[in-house]
Every structure is written in C-alpha cells, then in structure tokens.
Amino acid sequence: MLELISEHGCYGGVQRFYRHQSTATGLPMRFSVFLPAQASAAQVPALFYLAGLTCTEETFVIKAGAQRVAAELGMILIAPDTSPRGAGVPGETDNWDLGVAAGFYLDATAAPWNTHYRMYSYLLELYELVIREFPVQANRIGITGHSMGGHGALVMALRNPDRFRSVSAFAPICAPSQCPWGIKAFSAYLGSDQQSWRQYDASALMQQMKTPFPGGILIDQGLSDQFFPDQLLPQAFKASCLHAQQSLTLRRHAGYDHGYYFISTFIEDHLRFHHKNLQADRK
Ligand SMILES: N[C@@H](CCC(=O)N[C@@H](CSC=O)C(=O)NCC(=O)O)C(=O)O
C-alpha cells in the first residue's frame, strides 16, 4: 500500500514523495518519484538514483536539478532513502558513515544490523513496486548514484544486468573493501569474512563480469573532491573494467568537489547517456 506524502507540479510533470511498508526492511520506507508529462499517456523509461551518506529521498530531488531534462526526455526518476529509519539499533545515529543514512545498499548479515538493514533486498522490492505502480517500460530501467550511492548503483547493475540495462555514477566508492568508509561499514554489517564483502564491491564484481554493458559505463569524478584520494578509488574500478573488457568512460573534472554543484553540472550528461542506452533495442 503506497501512501502519497506530497506532490508538486514540476516542468509539466509532477514530483511526488511516497511512504510504504517494506517487506525487506520490515519498516516504513520513503522514496521520491518524478513523473514527466509523457508518463500520463504512455509507458516511459526510468532511472533510479541512489544518494550518498547523510542523504534522504529528497536530496537529489531538491539539489541536482534533474527534472528539467527528465521532463524533456520523458524519463521517470526514482530516488529511495539511504537506509531504514527507526530500526532501533543501539548507536545507529552516532556516526554519519554507519547506520542511519548510511545503509550502503547491502543486506547486513551481522547482528544487530541484520534484522532491518537490508537495503539490497529493499531496492529489488522497490524495483518491482515501481514497475507495478508507475507507467514504466520494464525493459528500459537504468541506475545511477553518488558516492555511497554510486557504489550502490554499480553493485546493483553488475549483479542485476537483466533488471538495470544502463549504469553510471558520480564519484562512486569504487572499491569499498579497500577504503576506510567501506571497511568500517562492511566490518559492521557483514562481519570479518572479507570473502563475503566481494558481492558488494564493484571492483571485485567487475573482475568476474562475463557480459559487458553494451552501452558502456559512465563515471564522473571531481579532482577537487575531498574524498577522492582515500575513499573513492576509481583507478581500481578502471583496472577491473580493463580486465573484463568493459568499456568505461571515466571523466576527471578539475575544480569540482564532492557536492551537488558537481552533480548538478553533469546530471544532464548522465540522463542523456541513460536515455540513449535505454532506447537501444532490448529483448
Ligand atoms: N559529514 C559531512 C559530509 C557528508 C557528505 O559529504 N555526504 C555526501 C555524500 S558522501 C558519500 O556517500 C552528500 O551527498 N551530502 C549531501 C549534500 O547535500 O552534499 C556532512 O554531514 O556534511
């Protein structure tokens, strides 16, 4: 059962916010949907956007300025929240990089996180819900994201290429098993067996990838990004793409930092990249 929280006219379409009860997390979850005008008459392509640490389902919608081009292209935008809320895990709001707003888009297996912190399964649940409830072309769905959400987008696409036909990312955490944010989160959520971390590590997954994304992968990275040297490691993902013969466009931009000024500058390129890839004939 979907509860509409609010709706707002936007570029001829409508920006909506919803709440629903999730089976995966066992808690109420929130997400946002932009519906372009074209969606009132036909099924259209859709793009999931996964936000980063400290964000909500609202951050992308109010900061990235994506709706104008999505309205032009006739593309639905879906932005979920970044973690369960109200799980009651002791200390879950004590750190900005673990717990609330830091779900890392994985299914926790270690207590006390494993009951509700199940964002990987939640995204698959949301994917089905979106196809059921909105006028989406089910074979034309892409995914993108920023930082922790860029990690989530790459992992979701690499593990579910039949669901997500196109993938891009902004300053993603490319090798979480090797950076401080990822090591902290994976140790808490998944435990000490680093073999189990590989299923949520885009660079490790890409090493094993058998069928490349035909339209390539697009990543943008700011060179004034304060997290670039230690946390993001795009060079690791690039090396894995070379190994797997996956075409990767990794653009490095002088003068851009980690924030939404960077994302809002390049979001149009990402929407057009996905629109083009999703237009290509798909079975
Ligand atoms: N703790 C700091 C920094 C938090 C921060 O930079 N969050 C990024 C994502 S970082 C990786 O996932 C973000 O997108 N913030 C939202 C924004 O509007 O910029 C803090 O709380 O400021």
Report summary line: When every non-hydrogen atom of Gln221 is compared with those of Ala171, the smallest separation belongs to OE1-CA, 3.4 Å
Requested in this report: Show your reasoning for whether ring pair (Phe, Tyr, Trp, His ring centres under 6.0 Å) applies to Tyr11 and Phe34.
Outcome: CA-CA 10 Å; Tyr11 290 104; Phe34 171 71; 7.6 Å; no
Report task. Quickly, which of Leu278, Val69, Val44 forms a side-chain contact (heavy atoms from CB on, under 4.5 Å) with Met75? Name it, please. Result -> Leu278
**Report entry** Close side-chain approach of Met119 and Asp107, heavy atoms under 4.5 Å
**Finding:** no
Query raised in the report: How about Trp113 and Leu98: do any of their side-chain heavy atoms sit closer than 4.5 Å?
Result: yes
Query - Leu232 and Trp181, any side-chain heavy atoms less than 4.5 Å apart - result: yes
Query - Contact check, side chains of Ile78 and Leu126, non-hydrogen atoms, under 4.5 Å - result: yes
**Report entry** For Ser166 against Phe273, the heavy-atom pair lying closest together
**Finding:** OG-CE2, 3.9 Å
Query raised in the report: Parallel under 30°, tilted from 30 to 60°, perpendicular over 60°: which one fits the rings of His8 and Phe17?
Result: perpendicular
Requested in this report: Examine Val130 and Tyr122 and state if one hydrophobic cluster contains both, with Ile, Leu, Val, Met, Phe, Trp and Tyr joined whenever side-chain heavy atoms are less than 4.5 Å apart.
Outcome: yes
Requested in this report: Enumerate the residue pairs fulfilling side chain to side chain donor-acceptor pair (under 3.5 Å) with a member in residues 233-242, sequence neighbours excluded, ordered by first and then second residue.
Outcome: Gln207-Ser240
Query - Smallest separation among heavy atoms of Met1 and His20, with atom names - result: O-CB, 3.6 Å
Query raised in the report: Taking Tyr127 for the side chain and Arg163 for the main chain, is one N or O donor matched with an acceptor at less than 3.5 Å?
Result: yes
**Report entry** Under 3.5 Å donor-acceptor, Glu3 side chain and Arg19 backbone
**Finding:** no
Query raised in the report: For Phe227, does the CZ atom have more than 12 heavy-atom neighbours from other residues, nucleotides or ligands under 6.0 Å away?
Result: yes
Query raised in the report: Would you call Pro36 and Ile76 a side-chain contact if the rule is heavy atoms closer than 4.5 Å?
Result: yes
Query - Spacing of Leu154 atom CG and Ile217 atom CD1 [to the nearest 0.5 Å] - result: 6.5 Å
Requested in this report: Supply the atom-to-atom distance Gln137 CD to Gln43 CD, rounded to the nearest 0.5 angstrom.
Outcome: 6.5 Å
Query - Inter-residue atom distance Ser187.OG - Asp193.CG, 0.5 Å rounding - result: 11.0 Å
**Report entry** Contact check, side chains of Thr144 and Leu50, non-hydrogen atoms, under 4.5 Å
**Finding:** no
Requested in this report: Begin from the C-alpha positions of Asn277 and Arg165 and carry the test side-chain contact (heavy atoms from CB on, under 4.5 Å) through to its verdict.
Outcome: CA-CA 8 Å; Asn277 280 346; Arg165 303 299 180 91; over 6 Å; no
**Report entry** More than 12 heavy atoms of other groups within 6.0 Å of Arg68 CZ
**Finding:** no
Report task. Kindly determine whether Val61 and Glu57 satisfy side-chain contact (heavy atoms from CB on, under 4.5 Å), including the steps that lead there. Result -> CA-CA 8 Å; Val61 166; Glu57 74 286 357; over 6 Å; no
Query raised in the report: Between Arg198 and Leu205, what is the shortest heavy-atom contact and its length?
Result: O-CG, 3.6 Å
**Report entry** Side-chain donor/acceptor of Ser121 to backbone N/O of Arg118, under 3.5 Å
**Finding:** no
Requested in this report: Ignoring hydrogens and angles, state whether a donor on the side chain of Asp220 or His270 is under 3.5 Å from an acceptor on the partner side chain.
Outcome: yes
Query raised in the report: Donor-acceptor pair, Thr25 side chain versus Pro84 backbone, under 3.5 Å?
Result: no
Requested in this report: Without swapping roles, check the side chain of Thr59 against the backbone of Cys55 for a donor-acceptor pair under 3.5 Å.
Outcome: no
Query raised in the report: When rounded to the nearest 0.5 angstrom, what is the spacing between CD in Gln199 and CZ in Phe186?
Result: 9.0 Å
Report task. Under the side-chain hydrogen bond (donor to acceptor under 3.5 Å, both in side chains) rule, collect the residues that match up with Tyr200, sequence neighbours excluded. Result -> none
Requested in this report: Identify whether Ile143 and Ile173 are in the same connected component of the hydrophobic contact network (ILVMFWY, side-chain heavy atoms under 4.5 Å).
Outcome: yes
Query raised in the report: Any side-chain donor-acceptor pair under 3.5 Å between Thr109 and Asn114?
Result: no
Query - CG on Leu27 to OG on Ser22, rounded to 0.5 Å - result: 7.5 Å
Requested in this report: Check the angle between the aromatic planes of Phe262 and Phe170 and answer parallel, tilted or perpendicular using the 30° and 60° thresholds.
Outcome: perpendicular
Query - Test item: Trp197 side-chain N/O and Pro176 main-chain N/O as donor-acceptor pair under 3.5 Å - result: no
Requested in this report: Only one of Phe31, Phe164, Tyr105 passes ring-ring contact (aromatic ring centres under 6.0 Å, His included) with Phe48; say which it is.
Outcome: Phe164
Query raised in the report: How far apart are the C-alpha atoms of Gln67 and Gln15, what are their side-chain angles, what is the distance that settles it, and do they pass the side-chain hydrogen bond (donor to acceptor under 3.5 Å, both in side chains) test?
Result: CA-CA 8 Å; Gln67 292 95 336; Gln15 179 64 58; 3.1 Å; yes
Requested in this report: Please step through salt bridge (charged side-chain N to carboxylate O under 4.0 Å, His left out) for the pair Lys63 and Glu58, ending with a clear verdict.
Outcome: CA-CA 8 Å; Lys63 289 192 167 182; Glu58 192 185 29; over 6 Å; no
Query - Val89 vs His116 side-chain heavy atoms within contact, under 4.5 Å - result: no
Query - Any Arg16 side-chain heavy atom under 4.5 Å of Ser6 side chain - result: no
Query - Donor-acceptor under 3.5 Å (Ser224 side chain, Asp257 main chain) - result: no
Query raised in the report: For the hydrophobic clusters of this structure (ILVMFWY residues joined by side-chain heavy atoms under 4.5 Å, transitively), does one cluster hold both Leu218 and Met156?
Result: no
Query raised in the report: So, does Asn160 use its side chain to make a donor-acceptor pair with the main chain of Asp162 at under 3.5 Å?
Result: no
Query raised in the report: Which is it for Phe134 and Tyr18 under the ring pair (Phe, Tyr, Trp, His ring centres under 6.0 Å) test, yes or no, and what are the steps along the way?
Result: CA-CA 12 Å; Phe134 300 101; Tyr18 287 99; 5.5 Å; yes
Query raised in the report: If you measure from CD1 on Ile219 to CZ on Arg251, what distance do you get to the nearest 0.5 Å?
Result: 11.5 Å
Query raised in the report: With hydrophobic residues grouped by side-chain heavy-atom distances under 4.5 Å, do Val167 and Ile131 end up in a single group?
Result: yes
Query raised in the report: Of the non-hydrogen atoms in Ala39 and Pro135, which two are nearest, and what is the gap between them?
Result: O-CG, 3.2 Å
Query raised in the report: Is a donor on one side and an acceptor on the other found under 3.5 Å between the side chain of Glu125 and the backbone of Thr23?
Result: yes
Query - Where Gly150 and Ala169 come nearest, the two heavy atoms and their spacing - result: CA-CB, 3.9 Å
Requested in this report: Answer with yes or no after comparing the ring centroid distance for Tyr260 and His146 against a 6.0 Å cut-off, counting only values under it.
Outcome: yes
Query raised in the report: Checking Asn95 side chain against Asp97 main chain: does a donor-acceptor pair fall under 3.5 Å?
Result: no
Report summary line: Residues pairing under side chain to side chain donor-acceptor pair (under 3.5 Å) where one sits in residues 70-92, two or more places apart or in two chains, turn out to be Glu72-Arg272, Asp81-Arg85, Glu92-Tyr117
Query raised in the report: Any link between Ile141 and Phe213 through a network of hydrophobic side chains (Ile, Leu, Val, Met, Phe, Trp, Tyr) touching at under 4.5 Å?
Result: yes
Query raised in the report: Taking the six-membered ring of Phe228, is the NZ or CZ of Arg252 close enough (under 6.0 Å from the centre) and on axis enough (within 45°)?
Result: no
